[in-house]
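Scroll down for the structure; my scribbles are underneath it.
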Amino acid sequence: MNFDIAFLRSYVAGVDLGSYARAADKVGRSTSAVSAQLKKLEEQAGLPLFRKDGRGLALTDGGEVLLAYARRMVELNDEAFVALHGVELEGWVKLGLQEDFGEVLLPDVLGRFARAHPKVRIEAHVSRNTALLERLSTGQLDLALLWGGAALPDTLAWPAAQRQTLAAPAMRWIASASLAWQPESGEPLPLITFDRECLFQRCATQALDRAGIAWRTAFTSPSLSGLWAAAAAGLGVTVRTCYGLPASVRALDAQVAGLPALPALSLELLQGASTARPPVDRLAGLIAESLQANVIA
């Protein structure tokens, strides 16, 4: 049996968007056509993919298994098409991004881009928000993935045509299961922070002060990997989003942990003023597609 890529594409879109009516808009078909595709996909699979869940539908165990393969098959199909039609792209793309996205984007998106466009050379810079924006403003970067909005007010004035808001993830309290601190202990909350002031630290301490929770700096590090290591060791709590979260730590439920809620951030993809060319546009599209398909609250 050969699965139909169009059926698989509608299947993935419906799961990701939570509605097959919205999936129909995305794949350019009517809702009834998408419904017919899914029925045929179940026939091809030879087992039910959906089960009733209240008023809606949920995936069966078989549906979950197929979903994982469907994502890979659709992605490989699209990568093959781009490779065939994009081999003439060449040049340079200079990309700036936060440490949070190094392990998320570099192996996946940049690997796919490099395979599809072997004549395009990518130069990646991992740095802080302000440094990335400065490099972008002076023409040293073509693209920059950074925290915008309140995190970096200067991004609000960036031309709309060169700015795309990809997500609005919430800041989260991050710790390991071995964290010993309890709110009723009366002990200050041990914080793990960068060795210089940053937005995450500022928002965390302001929220703690408003809630009347004492805190102390227990560990500082110049790198994000240092924050993760200290949190995994149970030395305290740090604050980031859930992007790039290693398996050794977890995001805490603020209410259960006795900690105040934290605000959301705007995640922006900014493009330089004079870098609108096919390789840059193609990479920007892949980054947006990857992050929007894996939105983290």
So [Y] and [X], do their side chains get closer than 4.5 Å, heavy atoms only?
X      : Y      : value
Ser176 : Ser248 : no
Phe194 : Leu227 : yes
Leu267 : Thr165 : no
Arg282 : Pro279 : no
Leu145 : Glu268 : no
Trp173 : Thr238 : no
Leu259 : Leu189 : yes
Leu110 : Leu283 : yes

Sub-3.5 Å donor-acceptor pair from the side chain of [X] to the main-chain atoms of [Y], do we have one?
X      : Y      : value
Glu42  : Leu49  : yes
Ser185 : Trp181 : no
Ser137 : Leu133 : yes
Tyr11  : Gly63  : yes
Thr217 : Leu191 : no
Thr241 : Ala170 : no
Gln162 : Gln271 : yes
Glu99  : Leu224 : yes

Donor-acceptor side-chain pairing of Gln44 and Asp4 below 3.5 angstrom: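 No, no side-chain donor-acceptor pair sits under 3.5 Å.
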Decide whether [X] and [Y] are clustered together by the hydrophobic rule: side chain heavy atoms of Ile, Leu, Val, Met, Phe, Trp, Tyr closer than 4.5 Å, transitively.
X      : Y      : value
Phe3   : Leu38  : yes
Leu59  : Phe7   : yes
Leu245 : Val126 : no
Trp228 : Tyr243 : no
Leu8   : Leu76  : no

Would you name the heavy atoms of [X] and [Y] that are closest together and state the gap between them?
X      : Y      : answer
Thr138 : Gln140 : OG1-NE2, 2.9 Å
Val237 : Ala175 : CG2-CB, 4.1 Å
Leu208 : Pro260 : CD2-CD, 3.9 Å
Pro183 : Gly258 : CG-CA, 4.2 Å
Pro222 : Arg196 : O-NH1, 2.9 Å
Leu270 : Arg163 : CD1-CG, 4.0 Å

Got a sec: does the [atom1] of [X] have more than 12 other heavy atoms crowding it under 6.0 Å?
X      : atom1 : value
Asp61  : CG    : no
Arg72  : CZ    : no
Arg29  : CZ    : no
Gln164 : CD    : yes

What distance separates [X] [atom1] from [Y] [atom2], expressed to the nearest 0.5 Å?
X      : Y      : atom1 : atom2 : value
Leu146 : Ser266 : CG    : OG    : 9.0 Å
Met73  : Arg9   : CE    : CZ    : 11.5 Å
Ile174 : Leu179 : CD1   : CG    : 12.0 Å

Identify whether NZ of Lys or CZ of Arg in Arg240 sits under 6.0 Å from the centre of the six-membered ring of Phe200 and within 45° of that ring's axis.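 Here Arg240 passes the 6.0 Å and 45° test against Phe200.
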Under 6.0 Å between ring centres, would you say that holds for Trp147 and Phe101? yes
Take Arg112 and Glu289, measure what salt bridge (Lys or Arg N to Asp or Glu O under 4.0 Å) needs, and give me the verdict at the end. CA-CA 12 Å; Arg112 288 167 54 196; Glu289 181 182 302; 3.7 Å; yes
Identified side-chain contact (heavy atoms from CB on, under 4.5 Å) partner of Leu95 from the options Asp142, Leu141, Ile287: Ile287
Which residues pass the salt bridge (Lys or Arg N to Asp or Glu O under 4.0 Å) test with Asp25, not counting sequence neighbours?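 Asp25 satisfies salt bridge (Lys or Arg N to Asp or Glu O under 4.0 Å) with no residue once adjacent residues are dropped.
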May I ask you to say whether Arg22 pairs ionically with Asp16, meaning some side-chain N is under 4.0 Å from a carboxylate O? no
Look at the rings of Tyr20 and Phe50 and say which category their plane angle falls in: under 30° parallel, 30 to 60° tilted, over 60° perpendicular.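 Ring orientation of Tyr20 relative to Phe50: perpendicular.
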Which side-chain N or O atoms in residues 249-257 pair as donor and acceptor under 3.5 Å with protein atoms at least two apart or in another chain?
residue	atom	partner	partner atom	Å
Asp253	OD1	Gln255	N	3.1
Asp253	OD1	Val256	N	3.2

